2 protein chains.
Amino acid sequence: METAVEEKGVVECTAFNSTECRGAITGVRDALYVLNGKWKIPLIVALSEGPLRFKDIQRSLGDITPKILSKELKELELNEFVIRTVYSTTPVTVTYQLTPYSRSLDKVMKELKDWGIQHRQRIVASRKANSSN
Amino acid sequence: METAVEEKGVVECTAFNSTECRGAITGVRDALYVLNGKWKIPLIVALSEGPLRFKDIQRSLGDITPKILSKELKELELNEFVIRTVYSTTPVTVTYQLTPYSRSLDKVMKELKDWGIQHRQRIVASRKANSSN
DNA sequence: CGGTATCCTAATAGATACTG
DNA sequence: CAGTATCTATTAGGATACCG
């Protein structure tokens with residue numbers, strides 16, 4: 001009965017209040033929550049080239065403040081997308097790198113990206129259509 | 001050259017500053033933006049069973065205020081997920097229904113849901129593992 | 001360098017009341 | 001019924017300064 005819902009997809013839920021459907025909504029919301037905000041995606045992309053130090057990430061993203069960067073990295077750590085490593089140099093060196101688990105996002109990200117690109121084109125096209133009326 | 005990026009997926013971008021990669025980030029962010037917030041997903045699910053009137057949607061979602069519901073529905077309309085129809089009864093009747101285009105979200109939603117469910121289980125499991133240490 | 005602490009702004013959501 | 005208006009609460013995000 002779980003697989004029934006799995007196969008049907010979220011928008012096919014026939015009973016909004018059913019446990020299965022609420023599970024689906026919760027699933028989608030959990031995923032959105034984890035990826036959300038201004039910095040999560042750029043951060044994952046930046047780290048996808050390899051480990052980076054705190055300051056280097058900051059430079060890479062351009063204008064993120066240390067407070068926000070710190071918060072975002074902690075969240076990514078909690079979700080096990082990122083590992084923080086401390087080296088006992090002087091001064092101390094800290095690097096952040098993506099975990100293998102972060103790759104579990106690949107399919108989600110691809111779908112999001114494809115849909116987003118397609119949607120933007122659609123919106124732009126429909127704006128043009130309207131302005132030429 | 002666009003397909004090259006398509007196939008590689010977002011986290012494989014090798015040049016953060018490349019046009020292609022920024023396009024991918026923008027794509028993902030556009031998609032997240034459109035689905036985001038507390039109500040978009042529950043709203044789409046609620047309407048997936050068929051057209052509903054304003055008040056019925058409100059009841060269906062439980063505790064959304066008319067102001068927020070109105071705003072959310074307008075955004076869904078702008079993105080062409082929803083069509084608003086006015087019937088000249090007295091008092092006037094208004095229904096909202098999903099468009100065929102809203103189905104273009106099916107794949108994204110399925111990936112989000114699957115990943116979200118899997119991720120929640122993983123987090124819960126790792127909490128248990130930690131508490132039994 | 002790798003952060004934290006404090007203060008501040010802007011966007012988002014909600015409560016409540018009201019209108020055509 | 002189908003909303004809008006007004007006001008308030010919460011949140012995300014940022015500027016700036018400072019610490020080990």
Side-chain angles (χ1 to χ4, degrees), chain A residues 25-26 28-47 50-79 81-98, chain B residues 25-26 28-47 50-79 81-98:
Chain A
I25 293 182
T26 306
V28 177
R29 294 229 286 212
D30 286 349
L32 291 176
Y33 184 80
V34 156
L35 294 176
N36 234 339
K38 188 170 171 178
W39 298 110
K40 295 281 183 329
I41 307 296
L43 218 29
I44 291 174
V45 172
L47 290 173
L52 285 177
R53 301 172 62 174
F54 191 88
K55 194 72 182 177
D56 292 329
I57 300 175
Q58 226 184 324
R59 273 188 280 264
S60 162
L61 295 192
D63 58 353
I64 192 172
T65 64
K67 173 188 162 183
I68 303 296
L69 179 54
S70 172
K71 194 202 72 187
E72 298 285 311
L73 285 170
K74 276 176 185 160
E75 289 169 17
L76 291 178
E77 247 192 292
L78 267 175
N79 287 313
F81 296 155
V82 157
I83 281 185
R84 177 178 182 271
T85 313
V86 183
Y87 299 96
S88 307
T89 53
T90 43
V92 52
T93 304
V94 179
T95 71
Y96 294 86
Q97 63 190 306
L98 292 185
Chain B
I25 293 183
T26 305
V28 177
R29 296 230 287 212
D30 286 348
L32 291 175
Y33 184 80
V34 156
L35 294 176
N36 232 342
K38 187 170 173 180
W39 299 111
K40 295 282 186 324
I41 307 296
L43 218 31
I44 290 174
V45 172
L47 290 174
L52 284 177
R53 300 172 61 174
F54 191 87
K55 193 71 181 179
D56 292 330
I57 300 175
Q58 226 185 323
R59 272 188 281 264
S60 162
L61 296 192
D63 57 354
I64 190 171
T65 63
K67 173 186 162 184
I68 303 296
L69 179 55
S70 170
K71 194 202 72 188
E72 299 285 311
L73 285 170
K74 276 175 186 161
E75 288 169 18
L76 291 178
E77 246 193 290
L78 267 175
N79 286 313
F81 296 156
V82 159
I83 282 185
R84 179 178 180 272
T85 313
V86 183
Y87 299 95
S88 308
T89 53
T90 43
V92 51
T93 304
V94 179
T95 71
Y96 294 86
Q97 62 190 306
L98 292 184

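Keep in mind that what you see is a predicted model, and the values were worked out from it rather than measured.
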Presence of Arg53(A) side-chain N/O under 4.0 Å of dC1(C) phosphate oxygens OP1/OP2: no
Just call it for Tyr87(A): base, sugar-phosphate, or nothing, with non-hydrogen atoms closer than 4.0 Å on any strand. nothing
To the nearest angstrom, the CG-C1' distance between Leu61(A) and dG2(C) comes to 16 Å
State, yes or no, whether a side-chain contact exists between Leu76(A) and Leu98(A) at a heavy-atom distance under 4.5 Å. no
More 5' along DNA chain D: Thr95(B) or Glu72(A), using each one's nearest nucleotide? Thr95(B)
For Asp56(B) and dA2(D), what is the distance between atoms CG and P respectively, to the nearest whole Å? 7 Å
Between Glu72(B) and Lys38(B), is the side-chain contact (heavy atoms from CB on, under 4.5 Å) condition met? List the steps. CA-CA 10 Å; Glu72(B) 299 285 311; Lys38(B) 187 170 173 180; over 6 Å; no
Indicate, yes or no, whether a donor-acceptor pair under 3.5 Å links the base of dG14(C) to the side chain of Lys67(B). yes
Answer yes or no: does a side-chain N or O of Arg59(A) lie under 4.0 Å from OP1 or OP2 of dG2(C)? no
From CD of Gln58(A) across to C1' of dG2(C) the rounded distance in Å is 9 Å
Taking the side chain as every heavy atom from C-beta outward, state whether Val34(B) and Phe81(B) have any pair of such atoms under 4.5 Å apart. yes
Close side-chain approach of Arg84(B) to Val86(B), heavy-atom, < 4.5 Å: yes
Within a strict 4.5 Å, meaning less than it, do heavy atoms of the Phe54(B) and Val94(B) side chains meet? no
Separation of Ile64(B) atom CD1 from dT16(C) atom P, in whole Å? 16 Å
Separation of dT16(D) C1' from Asp63(A) CG (nearest whole Å): 15 Å
Expressed as a whole number of angstroms, how long is the span from Ile68(A):CD1 to dA17(D):C1'? 16 Å
Quick one: is Tyr96(A) getting a side-chain N or O under 4.0 Å of the dG3(C) phosphate, OP1 or OP2? yes
Verify the contact: side-chain N or O of Lys38(A) to OP1 or OP2 of dA10(C), cut-off strictly under 4.0 Å; return yes or no. no
Counting only side-chain heavy atoms from C-beta out, which of dA15(D), dC1(C), dG3(C) sits nearest to Pro66(A)? dG3(C)
Mind calculating the distance between NZ (Lys74(A)) and C1' (dG3(C)) to the nearest angstrom? 8 Å
Please state whether the phosphate of dT4(C), meaning OP1 or OP2, lies under 4.0 angstrom from any side-chain nitrogen or oxygen of Ser70(A). yes
May I have the distance from Leu69(A) (atom CG) to dG14(D) (atom C1'), rounded to whole angstrom? 13 Å
